[in-house]
Amino acid sequence: MVQIRILVNCALPYANGPLHIGHIAGAYLGADVFVRYNRLIGNEVLYVSGSDEYGTPITVRAEKEGRSPKEIADIYYEEHLRTFENLNINFDIFMRTTWPEHSENAQEFFLKLLNEGYIEKGTMIAPFCRKIGRFMPDRYIEGTCPYCHYPKARGDQCDNCGRTLDPQDLIDPKCILSGETPEFRETEHFFLRLDLLEEKLKSWISTKTYWKPNVLAYTQNFISGGLKKRPITRDIDWGVRIPLDGYDTKRIYVWFEALIGYITGAREYSKRIGNPDLWKEYYFDPEVRNYYFIGKDNIPFHALIWPAMLMGYGGFNLPYDIPANEYLTFKGQQFSKSRGIGYSVDDLLKAVPADYLRYYVASILPETGDSDFSLEELVSTVNSDLIDKYGNLVYRIVSFIDKYGLTLDPVDVNGDEEFQYARRSFESWLDDLSGVHVKRALSRWLDLAIYANGFFNRSEPWKTVKNDRQKLNHDLYLSLKITEFLTVMAYPYIPSSAIKIWDILGIPFSIDSSYSHLYEMHGFSVHRGSIPFEKIDLEAVSSKLNN
RNA sequence: GGGGAUGUAGCUCAGCUAGGCAGAGCGCCUGGCUCAUAACCAGGUGGUCGUCGGUUCAAACCCGGCCAUCCCCA
C-alpha cells in the first residue's frame, strides 16, 4: 500500500463539564481507532483536537459558581486532557481556543473573509438590559415559552418543550441578572455571507456520494432550503476580539472561531516539533484527505459552514469525509451529567480498564443509528467476547505449548484454508476501516476469533501431541499465526492489551511494524505468564461506580 | 412548526444502497471436548421485521399515512 498523509480532526469538546461516554462514542473513539489503523498500515497522520473555551454557557456557569470563565475553562481543559490520556486517546495536539495564537489565527481568518467580501456588516435586533447597560446574550433572558407556556424558558431554547427560541418570542421576558424587562434594540454585527457560497457548496456536496447517508441527507436538505447570512459576532465579552476599531464590546461568536481551532492546532503542533510549515502540507496539498470526526449534532457546522469558510478564504483542503456518528444513549435517553443520566468517562474508568471500555463502546458504536449503553452489556460483552473468545484463545494456545514444553518450527501455511480464511478476514477488516466502518471491522475480528477457536478444537492437538508431532507443529503454528492476525486487528481498539499479548506470543518484531511482516513465516517464542485479561463482575463494577 | 435519523429474536445490534427462503453475538436448552479464565466446540430454542395502507409474481427492504424515541434548525 502506498503511504499517504491524512489529517484527522475531532470536534473540540466544550470546556463546560466532564466528558461522558456519549461524547466518546460520538466522535473520539472512532477517530482514535481510525488513526491507529492508519498508522499501523504506514500512513502518516496528523491528529488534532482541542478545547472549545469561549461562549455563553461557560460564562453562565462561571457566574453561577462565582468564578471567572477562564477558571472554568482551565478546570475542564485539564480534566479533558487527563480523561483522554486515561482512555488512551492520544491526540498529537489538544489545543485551546483561549490561546493567544488562536485569537491571532481567528482574527486573520476573519479579516481575510472580510476583504474577500464573505463577511459584511449588518444589524440585528437583540435584548438590551437598561439596568446593566449592555446587550445580553439570549441565554440571559428568561420568560414564558410561547408554545408550551413553560414559565422558565430561556431566550435561546425552552427546556420544557425543547423548541429553539428567539428572546423576542418570549412572553414577559426578563433579564436573569437584573430582573428587568429587556428592550429590543438594533445592534451592529458582522455576518457570514453563506448565501454567496451556496452554489459552490451545492456542487461540492454533489461529489460526496461516499458520505454516510445521514450526513448527506441532512446536508442536502439543509442547503435546499437556501442558505442565509449568519451573524458571527455577539455583544459579549468572553470571546475572540474583533480585529477592527470600535468594536470593544463585541466578540467573534464561538462557533465561527472554534472551527478555526483545527488549523490553530495543526499550526501549533508544527511549531512544537520544529517544522513550522508542516501544517500547510495537510491543509494545502490536495492529495491529503481531511477527516472530521463529530457527533450528529455538529453536522451543519462541518458539512456546510466550515467548508464555506474554507472556500471563502481560498486554497484550503475541504473536508474529505465527515463520518458523523449518531448518539449513544443510556436507557434510551441522551447522556447528561447535569441531569444525572449515564456515567462520565472518569467514573467508568474507576471501575473498568480503559481497553475494556474502548472495546465495549467500539462494539456498539452508533455508526448507523443511536445505540444504547448499559453496564450489564458492558460486563457481558467484555467477558464473553473480548476475554472468553480472544483472551482465552491466546491463553489456551500458549498454555498448551508451555505445558508440553514445545518449541515450534516455522512452517509454510500459506496454502492452508485456515490461513487464507484469516487473510480474507484481515483484508475485509482493512476495507472496513479504510471506509471508517469501525464497528463492522470489529465484528470481523470477533468472527475470526470464533473461527480460530473452532480450528483449535478441530485440530485436536491433545491427540496429535501423542501420535503426530509433525501435524501438531503445523496446527499449533497455524493457530499462532491466526492469533497474530487477531492481535494486529485488535491493536487499534485495545492498544495496551494488544501490546501485552504481542509480547506473550513472542513475535520477533514490533506490533507497529507488523503490517509489512504479516504474511511472512517466523518463529514464536511464547511465554505463558498470567492470564491476559481479568474478567469483570457486575456487582464489583457497580459498587466502584457508586462510591 | 420544518427537517435528519432510529424502531428487526428475551437483550445489544447486522441486513435495506440494487426487492428473491429473516441473520450474528449474548442469554437459554442438549451433546461433545480437556489445552484454557465455569473456558471452548457442535447442534438446538427463539421474530406479526413499530403500525396501517399502497406498488409488485414477490416487500424487513420501494411509496404514503400514523405512533414512539434521539438529534438539528427557524
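Just so it is clear: chains get the letters A, B, ... in the order the sequence lines come, proteins before strands, and each one is counted from 1.
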Taking only the side-chain heavy atoms of Asp370(A) (C-beta and beyond), determine which of rC70(B), rC41(B), rU34(B) contains the nearest atom. rC70(B)

Student check: side-chain heavy atoms of Arg444(A) and Phe426(A) closer than 4.5 Å: no

Got a salt bridge between Arg469(A) and Asp409(A), using NZ or NE/NH1/NH2 to carboxylate O under 4.0 Å? no

Using OP1 and OP2 only, check whether a side-chain N or O of Tyr395(A) sits under 4.0 Å from rC35(B). no

Distance below 4.0 Å between Lys389(A) side-chain N/O and rC26(B) OP1 or OP2: yes

Starting from the 5' end of RNA chain B, give me the residue, Asp166(A) or Phe456(A), whose nearest nucleotide shows up first. Phe456(A)

Under a 4.0 Å threshold between the charged nitrogen and the carboxylate oxygen, would Asp388(A) count as salt-bridged to Lys535(A)? yes

Under 4.0 Å between a side-chain N/O of Lys439(A) and OP1 or OP2 of rA14(B), yes or no? yes

Out of rC26(B), rC11(B), rC35(B), which has the shortest distance to the side chain of Tyr404(A)? rC35(B)

Return the nearest nucleotide to the side chain of Asp297(A); candidates are rC72(B), rG4(B), rU37(B). rC72(B)

For a quick check of understanding: with a heavy-atom distance under 4.0 Å over all strands, which category does Phe222(A) fall into, base, sugar-phosphate or nothing? nothing

Is any side-chain N or O of Lys535(A) closer than 4.0 Å to OP1 or OP2 of rU37(B)? no

Sticking with atom P, work out how far rC70(B) lies from rG27(B), rounded to a whole angstrom. 30 Å

For Ser443(A) and rA14(B), is the shortest distance between a side-chain N/O and OP1 or OP2 below 4.0 Å? no

Taking only the P atom of each, what is the distance from rU51(B) to rA60(B) in whole angstrom? 11 Å

How far, in whole Å, is rC52(B) from rU48(B) if one measures between their P atoms? 13 Å

Please determine, for the side chain of Ser371(A), which listed nucleotide (rC13(B), rC41(B), rG4(B)) has the closest atom? rC13(B)

Between Glu427(A) and Arg424(A), does any NZ, NE, NH1 or NH2 come within less than 4.0 Å of an OD or OE carboxylate oxygen? no

Would you find a donor on one side and an acceptor on the other, under 3.5 Å apart, between the side chain of Arg139(A) and the backbone of Arg154(A)? no

How do Leu393(A) and Lys296(A) order along RNA chain B: which one's closest nucleotide is nearer the 5' end? Leu393(A)

